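What follows is one structure encoded as structure tokens, with my remarks underneath.
Everything numeric in this text was worked out from a predicted model, so none of it was measured. We count residues from 1, following the sequence as given. All values below come from the heavy atoms of this structure, side chains included, with hydrogens, waters and symmetry mates left out.
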Amino acid sequence: MSGRRVGFCLSDKKRRRMNLDAFAEFCDNHGVEVVEIDLTQPLVPQGPFDIIVHKLSDVIVEAEHNSQSQQLLANFQSYVSAHPSTILLDPLPAMTQLLDRFASYRIMSKLHNSLRDWRICSPPYLEIHSATDLSSIQQTLTAQNLSFPLICKTRVAHGSLSHEMSLIFSVGSLADIRPPCVLQSFVNHGAVLHKVFVVGDRHYCVERPSLKNFPSGPCDRDTIFFNSHQVSKPESSSDLTALDEEMPCLPPPSFEAVAALVRKLRAQLGMALFGVDIIINIHTHTLTVIDINIFPGYEGVPQFFSSLLSHIKSVLDKHTSAGPQATGSA
């Protein structure tokens, strides 16, 4: 790895959460140079790069309505196209699909049959594209076997607004939804969320607080609005996470089942850096995937630096052994 140059293209927030300075020092001790890429400056003088690790979610989302972000993204894509030997971790099209919950939930639906033997599933869900009458939504909910309470999530799966969610308890409260959004059957899971962090062929599970159990079926309770990031912080002590009754602890997900899920998702997504949010149904003990995340924070993963550098090395080694015909995809 000596003499390799790894470019990082991250937002300021992501840079801080990852502690990029510490990672750069870690890499330097292993003979690898980390270069922070400034998208506002020409990329050629900042190169060359053997590999670029990026999280361009902000830029991609903003490019839909901001000409400056469009130009930054276009410059980045032009550089990548002009330097096919530079590997991109992860490919832009693969990452972009996870910015859309409609797309990521369709991916999980595709994998249901192949994961059935591992008792892994995702909850029934409904895409709401635009405001429509409540009776129409109710009919579709019934037809697709969704049940109250429902959890409502924004279509865009990135940024602070993507963490703003709601729990809906009746047909009348469907007036609270703001399309485009996803409605998903809420699964009681004992207020425990299992965050799976994937780094190449390795994965790590970390427990976090989550929403408490609620009675199944419609009721006249008002809609609960909440921020999932706040609820599932490691130190969270929200009323929403406090179980109302004594409940035995559920066993953690089996390593083998999670490994099978990660293998399927890596192949389907074409990605190496992502996270999966899993809950365990308190009644059936089925592993239930509720979200897939792009390049997550990896909080609570002490091996993250060594795992990431090991994966970068593995990708570069394969690229080198593949010869000059290899192109820039991890």
Just checking, is any N or O donor in the side chain of [X] or [Y] under 3.5 Å from an acceptor N or O on the other one?
| X | Y | answer |
| --- | --- | --- |
| K153 | Y125 | no |
| S122 | H112 | yes |
| N293 | D277 | yes |

Check: Crowded around D38 CG? As in, over 12 foreign heavy atoms under 6.0 Å?
Finding: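 Atom CG in D38 is packed in, count exceeds 12.
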
Notebook entry, point to check: Is it true that D58 and K13 have a side-chain N and a carboxylate O under 4.0 angstrom from each other?
Noted result: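 No, no charged N to carboxylate O under 4.0 Å.
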
Item checked: Salt-bridge contact D317-K313 (side-chain N to carboxylate O under 4.0 Å) ->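 Answer for the salt bridge query: yes.
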
Notebook entry, point to check: Among L73, N75, L56, which residue meets the side-chain contact (heavy atoms from CB on, under 4.5 Å) test with L39?
Noted result: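 Filter result, single survivor: L56.
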
Under the 3.5 angstrom rule, does the side chain of [X] hit a backbone N or O of [Y] as a donor-acceptor pair?
| X | Y | answer |
| --- | --- | --- |
| H54 | L88 | no |
| R155 | F102 | no |
| S232 | R208 | no |
| N188 | F214 | yes |
| K14 | K55 | no |
| Y204 | K195 | no |
| S185 | P123 | no |

Check: Hey, what do you get for CD1 (I168) to CG (L183), rounding to the nearest 0.5 Å?
Finding: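 Separation between the atoms: 5.5 Å.
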
Check: With clusters built from Ile, Leu, Val, Met, Phe, Trp and Tyr whose side-chain heavy atoms come within less than 4.5 Å, directly or transitively, what are the remaining members of the cluster of L193, listed by chain and number?
Finding: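 Besides L193, the hydrophobic cluster comprises V187, I279, I290, listed by chain and residue number.
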
Item checked: Summary of side-chain hydrogen bond (donor to acceptor under 3.5 Å, both in side chains) pairs that have at least one residue in residues 215-224, sequence neighbours excluded ->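 Residue pairs passing side-chain hydrogen bond (donor to acceptor under 3.5 Å, both in side chains), neighbours aside: D176-T223.
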
Note to self: Could you work out, with salt bridge (charged side-chain N to carboxylate O under 4.0 Å, His left out) as the rule, every residue matching E25, not counting sequence neighbours?
What the structure shows: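 Once residues adjacent in sequence are excluded, E25 has no partner under the salt bridge (charged side-chain N to carboxylate O under 4.0 Å, His left out) criterion.
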
